[in-house]
Amino acid sequence: MSYTMTSKPMMYVLWVVTPVAFAAFFAWGQVIKNYWMPIGLFIAYFILIFGISAYAGYKSYSRNRREGDQYRRRQALSRLAGDDIKKAMERDYELPREYSALSKKMFLNLGIMIVLLVAVLLVYSTLFNRISMLISTFLGNTSMAQSTAEFLRYFITYLIMFGIWFAVFYVVAKYTGLPYLSQNTSMMQNIPYIPTKSVAFYKDAVIFDDLYVLKAPLDADSVTVDEKRRFVEIVLKKPTGNLPYRRLRIYTRDPRGVWEKYVSKYLEAQVKVEEVKRPETEVEKPREYRCPYCGALLSEDWEYCPKCGRKIPWDELRKAYE
């Protein structure tokens, strides 16, 4: 379900109105012996939720696009191009192992949820009948009409069943880190969002991939400045309204410079900063350019070689350091 749907009104609908409505319709279907009615309602409900989710996603995308267009009309403080980001990512040899470990954990947790769902289906009928019999015994001592008592029996039974399954799945989802409706536990929060098209730094916002606008101040838990793996990662306390990720990772050739000049200015308060230094053997040496024609030592502000007089091919020389 879209993260944009986790507002308080939607949470009330999901956790209060929906179970009560389902219990009432399911109970009424049992009373009138029309079992297709609750099934049809169940299908219609998910179609409706999917439609609302798709519409909310479209509105969020349109809003992000409009905000991005407004910022793009302004002069950015700095911009990381897609090619530069990808070159820094290629130097991070631990990234494939990190994604592999996350994928294994996700599939393991998904397997746990599937096993739990199968177990629920196996015990559903027995548990439902036992609860229904207990409710029937309690209602048998009342003077209400038979049809009303039968409706209440099924209605209360379904509510109890929904409550049991909610508690079980909530606990398991919270433990495994799988998404569970509007719960703040999500697989996406464990996976870093990595912009690959561009990162644009403005005075009061940073834009990822020319789409996602994150306005300052950002409420962050921690920041990692990893010079070894060449990234700055911000861990937010909770996802923003337009990006369902907590971990935001910016790859760059100069993580410390990006952190000190830009990212540090976007944070709401002092946060824990972890720094990972690059091993001495990996520290880049000062750039030394030599003329490809005569071997003379060059300065970057020269256009022609002072020894042989030929024009210096700076594009080719700089590519050697990329």
For this session: Please assess Arg253 against Glu90 for the test salt bridge (charged side-chain N to carboxylate O under 4.0 Å, His left out), listing each intermediate value before the final yes or no.
Result: CA-CA 11 Å; Arg253 191 174 63 185; Glu90 290 171 358; over 6 Å; no

Problem set entry | Working for side-chain contact (heavy atoms from CB on, under 4.5 Å), residues Leu122 and Val118 | CA-CA 6 Å; Leu122 291 175; Val118 172; 4.2 Å; yes

For this session: Please assess Val223 against Leu267 for the test side-chain contact (heavy atoms from CB on, under 4.5 Å), listing each intermediate value before the final yes or no.
Result: CA-CA 10 Å; Val223 175; Leu267 302 184; 3.8 Å; yes

For this session: Could you give me the CA-CA distance, side-chain angles and deciding distance for Cys291 and Ile312, then say whether side-chain contact (heavy atoms from CB on, under 4.5 Å) is met?
Result: CA-CA 7 Å; Cys291 177; Ile312 304 169; 5.8 Å; no

Exercise. Are Ile131 and Met161 close enough, and set up right, to give a side-chain contact (heavy atoms from CB on, under 4.5 Å), and what steps lead you there?
Worked result: CA-CA 8 Å; Ile131 295 175; Met161 293 291 288; 3.7 Å; yes

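Using a 4.5 Å heavy-atom threshold, the side chains of Glu150 and Gln30 count as separate. You'll find the side chain of Pro292 stays beyond 4.5 Å of the side chain of Glu316, heavy atoms only. The closest side-chain heavy-atom distance from Val263 to Phe201 is below 4.5 Å. In this structure the side chain of Leu236 never reaches within 4.5 angstrom of the side chain of Asp219, judged on heavy atoms. At least one side-chain heavy atom of Val206 sits under 4.5 Å from a side-chain heavy atom of Val199.
For the pair Trp314 (side chain) and Trp302 (backbone), a donor-acceptor distance under 3.5 Å is present. Distance alone, capped at 3.5 Å, places no donor-acceptor pair between the Ser136 side chain and the Ser132 backbone. Side-chain atoms of Lys265 do not come within 3.5 Å of backbone N or O of Asp204 as any donor-acceptor pair. Of the possible donor and acceptor atoms, none in the side chain of Asp84 sits under 3.5 Å from a partner among the backbone N and O of Leu80. The main-chain N or O of Ala81 is never found under 3.5 Å from a side-chain atom of Ser198 such that the two would form a donor-acceptor pair. Counting only distance, with no hydrogens or angles, the side chain of Arg246 and the backbone of Val235 share no donor-acceptor pair below 3.5 Å. A donor-acceptor pair under 3.5 Å is absent between the side-chain atoms of Ser100 and the main chain of Pro96, judged by distance alone.
Considering only residues two or more places apart in sequence or on other chains, Tyr266 meets the ring-ring contact (aromatic ring centres under 6.0 Å, His included) condition with none of them.
In summary, the side chains of Thr252 and Arg230 do not present any donor paired with an acceptor at a separation below 3.5 Å, with no hydrogens or angles considered. Between the side chains of Asp209 and Tyr193, a donor-acceptor pair is found at a separation under 3.5 Å.
Across all non-hydrogen atoms, the minimal contact from Tyr262 to Ser78 is OH-CB, 3.1 Å. Residues Cys308 and Tyr293 come closest through the heavy atom pair SG-CB, 4.2 Å. Closest heavy-atom contact between Ala200 and Arg79: CB-NH2, 3.8 Å.
The distance from the CD1 atom of Ile250 to the CD1 atom of Ile85 is 8.5 Å, given to the nearest 0.5 Å. If you take CZ on Arg249 and CG on Leu95, they are separated by 6.5 Å, rounding to the nearest 0.5 Å. Taking CG of Leu214 as the start and OH of Tyr245 as the end, the distance is 13.0 Å to the nearest 0.5 Å. A distance of 8.5 Å separates CD1 of Ile194 from CZ of Arg247, quoted to the nearest 0.5 Å. Distance check: Arg65 CZ to Asp210 CG gives 7.0 Å after rounding to the nearest 0.5 Å. To the nearest 0.5 angstrom, Glu98 atom CD is 10.0 Å from Ile191 atom CD1.
For Phe128 and Tyr158, the distance between ring centers is under 6.0 angstrom.
Counting only residues at least two apart or in different chains, ring-ring contact (aromatic ring centres under 6.0 Å, His included) contacts with residues 71-123 comprise Tyr71-Tyr202.
Ring-plane geometry between Phe22 and Phe26 is classed as perpendicular, the angle between the planes exceeding 60 degrees on a 0 to 90 degree scale with a lower cut at 30.
Through side-chain heavy atoms spaced under 4.5 Å, either directly or across other Ile, Leu, Val, Met, Phe, Trp or Tyr residues, Phe50 is tied to no other residue.
Val232 and Leu248 fall within a single hydrophobic cluster, where Ile, Leu, Val, Met, Phe, Trp and Tyr are joined by side-chain heavy atoms under 4.5 Å apart, directly or via other members. With hydrophobic clusters built from ILVMFWY side chains whose heavy atoms lie under 4.5 angstrom apart, Val273 shares a cluster with Val258. When the side chains of ILVMFWY residues are joined at heavy-atom separations under 4.5 Å, either directly or via intervening members, Phe231 and Val225 end up in a single hydrophobic cluster. No chain of hydrophobic side-chain contacts below 4.5 Å, direct or via other Ile, Leu, Val, Met, Phe, Trp or Tyr residues, connects Leu127 to Leu134. Residues Val20 and Trp165 share a hydrophobic cluster, clusters being chains of Ile/Leu/Val/Met/Phe/Trp/Tyr side chains in contact below 4.5 Å.
In the displayed structure, Tyr124 atom OH is contacted under 6.0 Å by more than 12 heavy atoms of other residues, nucleotides or ligands. Annotation for Glu94: atom CD counts as buried by contact number, over 12 foreign heavy atoms lying within 6.0 Å. Environment of CZ in Arg74: crowded, with over 12 heavy atoms of neighbouring residues, nucleotides or ligands closer than 6.0 Å. Environment of OH in Tyr58: sparse, with no more than 12 heavy atoms of neighbouring residues, nucleotides or ligands closer than 6.0 Å.
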